[in-house]
Amino acid sequence: MSEAALPPNLQYVLFCSDFVEHAGQVSVLGLLDGADVRGSLPRGTPMPAKVFPLKVVLGINAPDGKHHVKLGITRPSGGIMTTVDLEEFETHPGEAVHRCIASLDMEVSEDGLYTFRVFLDDAEIGWAVLPMSFTVEYID
């Protein structure tokens, strides 16, 4: 089977604090296998938004041509939280893997396992999960 005939697939998903690319070199900063955000506030202070910055780095293998990437995020309880249009890209003969970087302000409305589904041209090509929690403790 020729390389061009292979179906699209998700090669990798990385969750991190930051992703830096410079002069052909990359650095993944704060690689995450889970996110447990904790904080304390004086009693009577309003509850802050349960949001933190998150980078999602995707490696996508796709046949030659133009493609569109979407990311669907599902809450631990199963409800679809959001769908994010990420980018359009074009692959050319001989390209191995296209890298797509999503910068998200991740809302953690409930504690548990969040599912990130990756869609290429409206077809799901893979998924990854990330356990997340956000706890605010009130102090006197």
Side-chain angles (χ1 to χ4, degrees):
M1 181 180 262
S2 73
E3 195 173 309
L6 293 176
N9 60 68
L10 184 63
Q11 292 290 310
Y12 60 84
V13 177
L14 299 173
F15 298 102
C16 59
S17 299
D18 203 3
F19 184 88
V20 179
E21 186 170 9
H22 180 71
Q25 302 293 314
V26 297
S27 295
V28 179
L29 307 171
L31 190 61
L32 302 171
D33 62 359
D36 184 18
V37 179
R38 295 178 181 266
S40 58
L41 295 170
R43 192 169 307 284
T45 304
M47 176 64 78
K50 293 184 172 185
V51 175
F52 70 93
L54 175 69
K55 298 253 188 198
V56 182
V57 183
L58 308 171
I60 298 171
N61 209 354
D64 297 345
K66 292 184 180 184
H67 303 284
H68 185 93
V69 181
K70 289 183 185 177
L71 186 63
I73 305 169
T74 306
R75 290 185 174 101
S77 61
I80 294 177
M81 193 166 121
T82 189
T83 302
V84 182
D85 281 319
L86 295 183
E87 68 176 46
E88 290 188 10
F89 68 93
E90 187 170 354
T91 53
H92 303 284
E95 285 185 11
V97 176
H98 175 77
R99 184 170 40 240
C100 177
I101 303 164
S103 296
L104 305 175
D105 286 327
M106 190 66 207
E107 179 185 357
V108 182
S109 56
E110 56 190 80
D111 294 349
L113 203 59
Y114 285 75
T115 303
F116 294 76
R117 298 187 188 289
V118 180
F119 298 88
L120 184 69
D121 304 326
D122 294 322
E124 186 173 336
I125 60 168
W127 55 273
V129 294
L130 184 67
M132 291 188 278
S133 64
F134 197 116
T135 306
V136 175
E137 187 178 316
Y138 287 100
I139 55 175
D140 292 321

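Sequence positions, counted from 1, serve as the residue numbers for this chain. Nothing here was measured: the structure is a model prediction, and the numbers come from that model.
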Evaluate the side-chain contact (heavy atoms from CB on, under 4.5 Å) criterion for residues Phe134 and Val51: first the C-alpha distance (whole Å), next the side-chain angles of each, then the deciding distance (0.1 Å), finally the verdict. CA-CA 8 Å; Phe134 197 116; Val51 175; 5.9 Å; no
Run Leu58 and Val69 through side-chain contact (heavy atoms from CB on, under 4.5 Å) and show every step you take. CA-CA 10 Å; Leu58 308 171; Val69 181; 4.2 Å; yes
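Between Met81 and Glu107, the closest heavy-atom pair is CE-O, 3.1 Å. Scanning both residues, Cys16 and Leu29, for their nearest heavy atoms gives CB-O, 3.4 Å. Shortest non-hydrogen contact noted between Pro42 and Tyr138 is O-CD2, 3.6 Å. Here the shortest heavy-atom pairing between Thr91 and Ala62 reads OG1-O, 3.7 Å. In terms of heavy-atom proximity, Asp140 sits nearest to Arg43 at OD1-NE, 2.8 Å. Contact record, Tyr114 with Ile73: CD2-CG2, 4.3 Å, taken as the closest heavy-atom pair.
Using a 4.5 Å heavy-atom threshold, the side chains of Leu14 and Val28 count as touching. Side-chain contact between Leu10 and Ile60 is present, with heavy atoms from C-beta onward closer than 4.5 Å. Side-chain contact between Leu130 and Val56 is absent, with no heavy atoms from C-beta onward closer than 4.5 Å. The shortest distance between side-chain heavy atoms of Tyr12 and Val97 falls below 4.5 Å. Within the 4.5 Å cutoff, no side-chain heavy atoms of Ser17 are placed close to those of Pro53. Thr83 places none of its side-chain heavy atoms less than 4.5 Å from the side chain of Leu71.
With sequence neighbours excluded, the residues satisfying ring pair (Phe, Tyr, Trp, His ring centres under 6.0 Å) with Phe116 are Phe15.
Atom CG of Asn9 is separated from atom CG of Asn61 by 4.5 Å, given to the nearest 0.5 angstrom. A distance of 8.5 Å separates CD of Glu87 from CD1 of Ile101, quoted to the nearest 0.5 Å. Note: Leu120 CG to Leu86 CG = 11.0 Å, rounded to the nearest 0.5 Å. A distance of 13.5 Å separates CD1 of Ile125 from NZ of Lys70, quoted to the nearest 0.5 Å. In this structure, CG on Leu41 lies 7.5 Å from CD1 on Ile139, to the nearest 0.5 angstrom. Arg75 CZ to Glu110 CD: the interatomic distance, rounded to the nearest 0.5 Å, is 6.0 Å.
When the side chains of ILVMFWY residues are joined at heavy-atom separations under 4.5 Å, either directly or via intervening members, Met47 and Met106 end up in a single hydrophobic cluster. No continuous path of hydrophobic side-chain contacts links Phe19 to Leu32 [ILVMFWY only; heavy atoms under 4.5 Å]. There is no path of hydrophobic side-chain contacts, each under 4.5 Å, that joins Val84 to Phe119. Hydrophobic clustering (side-chain heavy atoms under 4.5 Å, transitive across Ile, Leu, Val, Met, Phe, Trp, Tyr) groups Met132 together with Leu104. Val20 and Val26 fall into different hydrophobic clusters, defined by Ile, Leu, Val, Met, Phe, Trp and Tyr side-chain heavy atoms under 4.5 Å apart, directly or through other members.
No more than 12 heavy-atom neighbours from other residues, nucleotides or ligands sit within 6.0 angstrom of NE2 on His22.
The side chain to side chain donor-acceptor pair (under 3.5 Å) contacts involving residues 30-39 comprise Asp36-Arg38, Asp36-Ser133, where partners must be two or more places apart or lie in separate chains. Sorted by first and then second residue, the pairs that involve residues 11-22 and meet salt bridge (charged side-chain N to carboxylate O under 4.0 Å, His left out), not counting sequence neighbours, are Asp18-Lys55, Glu21-Arg99.
The aromatic rings of His67 and Phe89 lie tilted to each other, with the angle between the two planes from 30° to 60°.
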